[in-house]
Amino acid sequence: MKKKLSKGITALMLVFLLLPLKVHASGPAEEPEIAGMTEEEAAYYLRLCETGAGSLMRGIFTNVNLHVLKDDGQLMVVCATNTSEIASELGTKQLILDVKNGIFWIPVATLEKASRTNARSHSGGFYYKNPASGSTYRATGIHFAIINGKEYTAYAESGMITY
């Protein structure tokens, strides 16, 4: 009798352990609602940010900015990349919006490569339309410039913002 009860409890525990995995794996993940922003929009929002916050000056880069802002029911990730020389290509390889979950940062939206050619500056970003009230967000990104055939990169991280 004890052996049957033990097997039943073990089987029930396995069902509970495997059930969430089946549910998670059975459907496609819902894509976040993001929309890219124009350079003009990004430049406007960058002017609203504190000067110097999120800035980096290193090597070929004279300025690398990355910010998360909130406005009108959405979050915005905005960035700027500037170089001391004209770059054949300049911009971001990737911008990621993360939400804080305990001690971990979980990516919720990603914008892949955005760039300009033959320029010293690039501004860009995206709108995130699904922020959760009370959640804390940050952005990370990899800025790049190709000058005289050589690629330079710089990592940037914004401050945190609670929506």
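In this chain, residues are counted from 1 in sequence order.
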Practice task
Tell me, yes or no, whether the heavy-atom count around Asn118 atom CG, taken from other residues, nucleotides or ligands under 6.0 Å, exceeds 12.
Solution key: yes

Exercise for the section: Compare every heavy atom of Tyr137 with every heavy atom of Asn130, then report the nearest pair and how far apart it is. Expected result: O-OH, 4.3 Å

Handout entry: Nearest heavy-atom neighbours spanning Ser121 and Leu90
Key = N-CD2, 3.2 Å

Handout entry: Donor-acceptor pair, side chain of Ser158 and main chain of Ala139, under 3.5 angstrom
Key = yes

Fill in the blank from the handout: Taken to the nearest 0.5 Å, the spacing of Ile147 CD1 from Glu89 CD works out to 11.5 Å

Exercise for the section: Mind listing the closest non-hydrogen atom pair of Tyr163 and Pro131 along with its distance? Expected result: CZ-CG, 3.5 Å

Problem - Common cluster, Trp105/Ile34, ILVMFWY with side-chain heavy-atom separation under 4.5 Å - result: no

Fill in the blank from the handout: The reported gap from OG1 in Thr83 to NE2 in His122 (rounded to nearest 0.5 angstrom) is 12.0 Å

Practice task
Compare every heavy atom of Cys79 with every heavy atom of His143, then report the nearest pair and how far apart it is.
Solution key: CE1-CB, 3.8 Å

Practice task
Check the hydrophobic clustering (I, L, V, M, F, W, Y; side-chain heavy atoms under 4.5 Å; chains of links allowed) and say if Ile106 and Ile96 are grouped together.
Solution key: no

Problem - Least distance between heavy atoms, Val64 atom then Ala156 atom - result: CG1-CB, 3.8 Å

Handout entry: Glu157/Arg138 salt bridge by N-O under 4.0 Å criterion
Key = yes

Exercise for the section: Indicate yes or no for a side-chain donor-acceptor contact from Thr136 to the backbone of Thr162 under 3.5 Å, with no hydrogens or angles considered. Expected result: no

Exercise for the section: Determine whether Phe144 and Phe126 fall in the same hydrophobic cluster, where Ile, Leu, Val, Met, Phe, Trp and Tyr are linked whenever their side-chain heavy atoms lie under 4.5 Å apart. Expected result: no

Handout entry: Short side-chain donor-acceptor distance under 3.5 Å, Tyr127 and Glu41
Key = yes

Practice task
Following the transitive rule for hydrophobic clusters with a side-chain heavy-atom cut-off under 4.5 Å over Ile, Leu, Val, Met, Phe, Trp and Tyr, establish whether Ile103 and Met160 coincide in one cluster.
Solution key: no

Exercise for the section: For the residue pair Glu85 and Ile60, establish whether any side-chain heavy-atom pair is separated by less than 4.5 Å. Expected result: yes

Completion exercise
So CD1 of Ile142 and OG1 of Thr92: to nearest 0.5 Å the spacing works out to 9.5 Å

Practice task
Identify whether the distance between the nearest side-chain nitrogen and carboxylate oxygen of Arg116 and Glu39 falls below 4.0 Å.
Solution key: yes

Problem - Short side-chain donor-acceptor distance under 3.5 Å, Ser84 and Thr62 - result: no

